[in-house]
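Proteins get letters first, then strands, A, B, ... in listed order; numbering begins at 1 in each. Basis for what follows: all heavy atoms, side chains included, without hydrogens, waters or symmetry-related copies.
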Protein chains: 2
Amino acid sequence: MTVVGNGPRTRRDGVVRRAELGELVLESRFRLPDVHLAYETWGELAADGSNAVLIEHALTGDTHVARGGAGHEDAASAPEGAAAAADGWWDGLVGPGAAIDTDRYFVVCANILGGCYGSTGPASPAPDGVPWGSRFPRVTVRDSVTAEALLARALGVSRWRLVIGGSMGGARALEWAVSHPDRVAACAVIAANARVGAEQLAWGQAQSLAIRQDPNFRGGDYYAGEYPEAGLGLARRIAHITYRSAHELETRFGREPQPREDPEATHVADRGRYQVESYLDHQASKLAGRFDANSYLSVNETLMSHDVARGRGELRDVLARTRCEWLVAAVDSDRLFFPSESAELVAALPGEQELHTITSPSGHDGFLIETPQVGMLLRETVLRD
Amino acid sequence: MTVVGNGPRTRRDGVVRRAELGELVLESRFRLPDVHLAYETWGELAADGSNAVLIEHALTGDTHVARGGAGHEDAASAPEGAAAAADGWWDGLVGPGAAIDTDRYFVVCANILGGCYGSTGPASPAPDGVPWGSRFPRVTVRDSVTAEALLARALGVSRWRLVIGGSMGGARALEWAVSHPDRVAACAVIAANARVGAEQLAWGQAQSLAIRQDPNFRGGDYYAGEYPEAGLGLARRIAHITYRSAHELETRFGREPQPREDPEATHVADRGRYQVESYLDHQASKLAGRFDANSYLSVNETLMSHDVARGRGELRDVLARTRCEWLVAAVDSDRLFFPSESAELVAALPGEQELHTITSPSGHDGFLIETPQVGMLLRETVLRD
């Protein structure tokens, strides 16, 4: 197991690195060879190893959770520096002086196994040199944590001060606390649940079919041909609606037509769009431009696999084995990961736990938007020292 | 304008008939020639014409709202009798002795313009003899009511005792009350709203794309080739999730695998289904077996067109022109037509109106399932005589 980069003490903040982890045996017993994970770090690991924080990204997230700190910039490497300086998806929550203070903590974010931001995934070459494509195995939340546990060892982190994630990131954080109780001091599960239920499975199926039914998908072996952009775009539209709230969509868009377009044309095929359609078109093409369709299917399946008690017994008994402090928070307007599901998780945790609420008009995406509230909750609970 | 059938006094209950309405000028100014509407009736129109009830079906509904009454059966016509005897989609609410009592009321249900249950739609031959297909014009809620107003005249109904509908049927009922205030004595709007908002437009777009992106769709001109079944099935899955409630799906299916299937196979393409996936597959294939994909797009666009105040001024002023009694009811667990939207409609109606609540665990489909509650509400309000 090797870490490629500048070594643990001289890492530059917010720059993608890659850890070679060797063969990984998945839950399905499939032996995935030559696995690597892409990751970024911020700050320095303390000599006693006590200050490491793992941030788990959501479904289509990447490793760039925050900007690279200016103090760590290296003018000798301009392109790398530019990437490091780009906005992160949890800027404001992570950085110098932020709740997850990169002057105090050594922060790590790894791209999920099966993803397309540098980790081994369906677009990676199989041993025969051809992309895995349809041959890429199903990856569970547990598999993703198994890979990250190897990364932690490679980075010299024997115990995380905190593992935190929102949405599927929250599922992964929860899995860490259960599968490695002695390696997690605190766990923050934001806008997530103990298990993906029937409705999320249903949305997952719809998204999967949207991609699979694109004729360019060709069963997943499309890398030499046209890209299944339309199918991936439709999957994203479906998902994106569930990420927001009806109230927010109504307030922002209502029934307004897109400027200079006429939704009331005689023939449907010619008609212009409502603003909300244009907005979703934009979300679709943004994702299709940055994400691999097979990886989308992979992370979608990973999310669908999420049930922290699966095969382990009763949820309460499974959670009794954990040894960490908890922050569980739900977004009040979330209609994908319902606050009631977060409450069920809280009720099943050992000890007296509390469900915290993030107030947001934006629905599930509130966990990404309301960073001051997430930061305040962290400072009041698992990061209060 | 001709009514084909046995004439107004000798109709058999629950048998599809067809009214030829001639050319119809749509809102878009498109002149649709040779329009006909399919319809069924139950009971007899009173000599003073005071007992006619119009029932408006929802998105993919048909004319068969109730079984044909036994007293009206004609043994000489077996196939027609069998169709008449088939279950209706609002049995229990409509029939002899029911809230909409076919021994007292003359009940009419017409297939929407653009539909595929006998009315002129995209699969109908255009003047050149070829199905309209992609050339079929966009039909608005107002267009559908314009056609039904011609049907009413053909049936000798100058004023409806009641116009009632749920979901898009409720939108059509509301439109009747606004566009023909002197021809509607009472109006019942169940699980519907005054306007389709941003989120429903968004779901409409996703469903439309699911069909349009099916390679068999061929822009809508597929009648000579393969049927876009997969796309229509995906549209139905998306819609069906929004028709039910997360709680109901969870209670019925949870994360259970379909019997004899394994959702945890190594490769996603081979994996078995969760029960909820099998359930949605079933909903998809049922619809694809009974509905035309172009008609689905047509009624989807009709629903998206719904805004009773569009181009008419403020909603309150538009509704001030109505002259009827009202029943407005929402399903408490509806997450497609939100109870808050029904409340907004109630607040904008003239006079003091009340929002009634249908209690159901089933979400939007509660308007079809909780017929005893709908019947009770009718008896307590607009049909209390």
Side-chain angles (χ1 to χ4, degrees), chain A residues 26-30 134-138 140 195-199 201-203 205-206 208-210 212-215 219-220 230-231 233-234 237-238 241 244 246 249-255 263-269 271 273-277 279-280 297-298 301 304-305 307 310 335 338, chain B residues 26-30 134-138 140 195-199 201-203 205-206 208-210 212-215 219-220 230-231 233-234 237-238 241 246 249-255 263-269 271 273-277 279-281 297-298 301 304-305 307 310 335 338:
Chain A
L26 304 181
E27 266 202 274
S28 64
R29 298 200 178 81
F30 188 89
S134 63
R135 302 171 297 167
F136 195 74
R138 199 172 60 89
T140 66
R195 67 203 284 273
V196 153
E199 173 166 300
L201 294 174
W203 289 129
Q205 184 199 35
S208 174
L209 287 174
R212 292 181 179 287
Q213 292 180 186
D214 187 317
L234 177 54
R237 285 183 185 84
I238 298 167
I241 302 170
R244 314 302 290 203
L249 295 175
E250 185 60 28
T251 308
R252 287 176 68 178
F253 305 113
R255 291 182 58 82
E264 292 174 25
T266 304
H267 289 92
V268 174
R271 81 156 168 80
R273 297 168 299 173
Y274 294 97
Q275 270 187 18
V276 68
E277 294 180 294
Y279 166 72
L280 290 166
L297 289 175
S298 180
E301 286 289 329
M304 289 171 84
S305 80
D307 176 2
R310 174 169 49 82
R335 41 77 171 271
F338 297 100
Chain B
L26 304 181
E27 267 202 273
S28 64
R29 297 199 179 81
F30 188 88
S134 63
R135 302 171 297 168
F136 194 74
R138 199 172 59 91
T140 67
R195 68 203 284 274
V196 153
E199 174 166 300
L201 294 173
W203 289 128
Q205 183 198 37
S208 174
L209 287 173
R212 292 181 178 286
Q213 291 180 186
D214 187 318
L234 177 54
R237 285 183 186 85
I238 297 167
I241 303 170
L249 294 175
E250 185 60 29
T251 308
R252 287 175 67 178
F253 306 113
R255 291 182 58 81
E264 293 175 23
T266 304
H267 289 91
V268 174
R271 82 155 167 81
R273 298 168 299 174
Y274 294 97
Q275 270 187 18
V276 69
E277 294 180 294
Y279 166 73
L280 290 166
D281 286 350
L297 289 174
S298 181
E301 286 291 328
M304 289 171 84
S305 80
D307 177 1
R310 174 168 49 81
R335 37 79 170 272
F338 296 100

Which atoms of [X] approach chain A - backbone, side chain, both or neither, heavy atom under 4.5 Å:
{"X": "B:R271", "value": "side chain"}
{"X": "B:T251", "value": "neither"}
{"X": "B:P215", "value": "side chain"}
{"X": "B:T266", "value": "both"}
{"X": "B:R310", "value": "side chain"}
{"X": "B:R212", "value": "side chain"}
{"X": "B:Y279", "value": "neither"}
{"X": "B:E301", "value": "side chain"}

Going from [atom1] on [X] to [atom2] on [Y], what distance comes out if it is rounded to the nearest 0.5 angstrom?
{"X": "B:L280", "Y": "A:L201", "atom1": "CG", "atom2": "CG", "value": "10.0 Å"}
{"X": "A:E250", "Y": "B:F338", "atom1": "CD", "atom2": "CZ", "value": "10.0 Å"}
{"X": "A:Q213", "Y": "B:Q213", "atom1": "CD", "atom2": "CD", "value": "10.0 Å"}
{"X": "B:S28", "Y": "A:H267", "atom1": "OG", "atom2": "NE2", "value": "7.5 Å"}

Among [options], residue most engaged with chain B (heavy-atom pairs, under 4.5 Å):
{"options": "A:L234, A:L26, A:T140", "result": "A:L234"}
{"options": "A:G233, A:A230, A:A206", "result": "A:A230"}
{"options": "A:R237, A:Q275, A:R29", "result": "A:R237"}
{"options": "A:A202, A:A269, A:S134, A:G220", "result": "A:A202"}
{"options": "A:G219, A:A265, A:A210, A:S298", "result": "A:A265"}

Do the side chains of B:V268 and A:L297 get nearer than 4.5 Å, heavy atoms only?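 No - every pair of side-chain heavy atoms lies 4.5 Å or more apart.
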Are any of the side-chain heavy atoms of A:E277 and B:L209 separated by less than 4.5 Å?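 No, every pair of side-chain atoms sits at 4.5 Å or beyond.
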Quick one: does A:R255's side chain have a donor or acceptor within less than 3.5 Å of a partner on B:R195's backbone?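 Between the backbone of B:R195 and the side chain of A:R255 there is no qualifying donor-acceptor contact (under 3.5 Å).
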Less than 4.5 Å to any heavy atom of chain B: does that hold for the side chain of A:R335, its backbone, both, or neither? side chain
Looking at B:E199 and A:R244, is there a salt bridge between them, counting it only when a charged N and a carboxylate O are closer than 4.0 Å? no
Of all heavy-atom pairs linking A:L249 and B:A198, the shortest is O-CB, 3.3 Å
